[in-house]
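Following: one structure in structure tokens, then a few remarks.
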Number of protein chains: 2
Amino acid sequence: MHRPASAPRTGRPRSVAADAAILAATRAALVELGWSKLTLGDVATRAGVAKTTLYRRWAGKNELVVDAVAALFDELELPDRGSLAADIEGVVLQFAAILARPEAKSGLMAVLAESTRDDALRERIRASVVDRQKRLVLEGRTRAQARGELPAEEDPGSAARTADLIFDVVAGAVVHRTLVSAEPVDLEWARGFTRVLLLGLAGAAAAQNGPPGELPG
Amino acid sequence: MHRPASAPRTGRPRSVAADAAILAATRAALVELGWSKLTLGDVATRAGVAKTTLYRRWAGKNELVVDAVAALFDELELPDRGSLAADIEGVVLQFAAILARPEAKSGLMAVLAESTRDDALRERIRASVVDRQKRLVLEGRTRAQARGELPAEEDPGSAARTADLIFDVVAGAVVHRTLVSAEPVDLEWARGFTRVLLLGLAGAAAAQNGPPGELPG
DNA sequence: GGAGTTACGCTACGACTCGTAGCGAAAGCG
DNA sequence: CGCTTTCGCTACGAGTCGTAGCGTAACTCC
């Protein structure tokens, strides 16, 4: 992450245990204090390391929180549940379960807010959090096409745009439901959402490959 | 907002001009500095008021930013464009135009992150920002029902859940597209999104009132 | 095993922001 | 004119920031 490929082959190596302790302490501090009241000095104390050690590895609070939160998304995967609808439901519920954690809510939203003014931070979030979610959309589509539930795409550009749209709709709806509406993403909601999404995609695909356009440009 | 109904009838009245100047200065500071580097002392200087005046009116940075950002959403409305699809497209583009402003991006997301640990703040955001958006969904549905584009709802509980779902999908997708994906919500995207949403809703409504359930519970 | 290199814990520091208190002056109301 | 509230201003202790300097610990290469 913050240590590219150019690791020096000499000298005392950085403690990997300290890395884990710092990230865990960051998540604990996020739960107790939230993002704005989290201080790096406090995190260092919780992790049992010196404050200077923390500054040697991360540029600031934002980068640290991104790495701490990104670890939460490691468990995201796409188990094969047999149908596209079931797969989407599963991903929605998994994603919602992660977002329901207080450290994910406050931490992720805060760094997203900061990323609007920091391109490097946005790229860091994209690489360590967003892309991992987006991959699930692409995998799900591939599986659905193999099952025959979705037609094979012809135009790659259009396929990419559709995947982007689906990603924004799924992730955006879950995030908005959890954070803004502050209502739980339970099984009932996930089913209703999945049904609307699938019917919309099926209709759009039919209108694309099939006959007329009732929605002219 | 921060001055309920119990305005004292005596004494020197609060300067309404100062209120406007403070909120404008807050937005300007959000653009230049972002949320994390915004200080109340700086805002006071920009607005030409004393720092103590600021603290007399707002409890802290969060409340101030909420009010400053909420003013951006005053222009949100639902012009009658003749069809449900055109209405949705219009609202999506309006909402996206507001969210594209840097002060809205950084300010709104930051206070949403803070609101996960502050119920009073969440309520303030709901009252001054979210409810105004949600009203557009309800108005749009009423209009569409009057046009005959949507069937009249029977079960009020189900109707409310559907409206909540639509709201989370629309607002969530636009926010996610703008903030996380960092791609523009242009006319092409709005059209594609609206088509998927409408087809999904039409399919769900048909499955509800009409024949069978191909998606069993 | 010694030399070289890097990471570590610790302390201390100036700069900055926070939120509040106290003061005298200003602006309304009866 | 008295009463009340707000205003601008100054000052303050408390807390955080990010960095520098130092001696020590850990690891690699010769």
Side-chain angles (χ1 to χ4, degrees), chain A residues 1-26 29-30 32-65 67 110-111 114 117-118 120-121, chain B residues 1-23 25-26 29-30 32-65 67 106 110-111 114 117-118 120-121:
Chain A
M1 310 289 187
H2 48 283
R3 198 68 174 298
S6 63
R9 309 170 21 264
T10 177
R12 175 175 177 174
R14 287 191 174 171
S15 164
V16 288
D19 257 68
I22 291 171
L23 293 178
T26 303
L30 276 176
E32 287 183 28
L33 307 171
W35 186 85
S36 63
K37 295 185 179 175
L38 179 150
T39 67
L40 295 193
D42 181 49
V43 170
T45 303
R46 290 171 187 257
V49 302
K51 192 171 61 161
T52 45
T53 297
L54 226 157
Y55 276 101
R56 282 190 196 101
R57 308 190 183 197
W58 285 276
K61 195 203 276 197
N62 290 330
E63 289 77 9
L64 173 62
V65 170
D67 285 4
V111 294
E114 293 299 305
R117 306 194 45 76
D118 185 340
L121 184 62
Chain B
M1 309 292 184
H2 47 283
R3 198 65 174 298
S6 62
R9 309 169 21 263
T10 176
R12 176 177 178 173
R14 288 190 173 174
S15 163
V16 287
D19 257 67
I22 291 171
L23 292 178
T26 303
L30 276 175
E32 288 185 28
L33 307 171
W35 185 85
S36 63
K37 294 185 180 177
L38 179 150
T39 67
L40 295 194
D42 182 49
V43 169
T45 304
R46 288 170 189 258
V49 303
K51 192 172 62 162
T52 45
T53 298
L54 227 156
Y55 277 102
R56 283 192 197 99
R57 308 190 182 197
W58 284 277
K61 194 202 280 199
N62 290 330
E63 289 77 10
L64 173 62
V65 170
D67 285 5
S106 50
V111 293
E114 293 298 306
R117 306 193 46 77
D118 185 342
L121 184 62

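Here is the naming used below: chain letters follow the sequence lines, and residue numbers restart at 1 for every chain.
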The answer to which of A50(A) and A59(B) contacts DNA chain C further toward the 5' end, by nearest nucleotide, is A50(A)
Tightest non-hydrogen contact, residues D118(B) and E63(B), listed as OD2-OE2, 4.5 Å
Atom CG of D42(A) and atom P of dG15(D) are separated, to the nearest Å, by 13 Å
Between NZ of K37(A) and P of dC17(D) the distance, given in whole Å, is 14 Å
Tightest non-hydrogen contact, residues S36(B) and E114(A), listed as OG-OE1, 2.8 Å
L54(B) CG to dT20(C) P, in whole Å, measures 12 Å
On a heavy-atom basis, the closest approach of A18(A) and V49(A) is CB-CG1, 4.2 Å
Rounded to whole Å, the OH-P distance (Y55(B) to dA11(D)) equals 19 Å
note: W58(A), atom CH2; dC17(D), atom P; distance rounded to Å ~ 16 Å
Looking only at heavy atoms, the pair that brings L64(A) and V43(A) closest together is CD2-CG1, 4.3 Å
Taking dC10(C), dG22(C), dG19(C) as options, the one with an atom nearest any side-chain atom of T52(A) is dC10(C)
### Query
Going through the checks in order, is the side-chain contact (heavy atoms from CB on, under 4.5 Å) test met by V65(B) and W58(B)?
CA-CA 10 Å; V65(B) 170; W58(B) 284 277; over 6 Å; no
Here the distance between atom C1' of dC23(C) and atom CZ of R56(B), to the nearest Å, is 11 Å
Select base, sugar-phosphate, or nothing to describe what S15(A) touches, counting heavy atoms under 4.0 Å on all strands. sugar-phosphate
Open item on the list: I'd like to know if the side chain of R46(A) reaches the main chain of A21(A), judged simply by a donor and an acceptor atom lying under 3.5 Å from each other, with no hydrogens or angles considered.
Closed with: no
Closest non-hydrogen contact found for W35(B) with S106(B) is CB-O, 4.2 Å
K61(B) NZ to dG19(C) P, in whole Å, measures 9 Å
Q. When only distance counts, do a donor and an acceptor, one from the side chain of K51(A) and one from the base of dG9(C), lie under 3.5 Å apart?
A. no
Check the interface with nucleotides 28-30 of chain C: list each N/O to N/O pair with the protein under 3.5 Å, or write none.
{"from": "dG30(C)", "atom 1": "OP1", "to": "R9(B)", "atom 2": "NH2", "distance (Å)": "3.3"}

From CG of L38(B) across to P of dC16(C) the rounded distance in Å is 17 Å
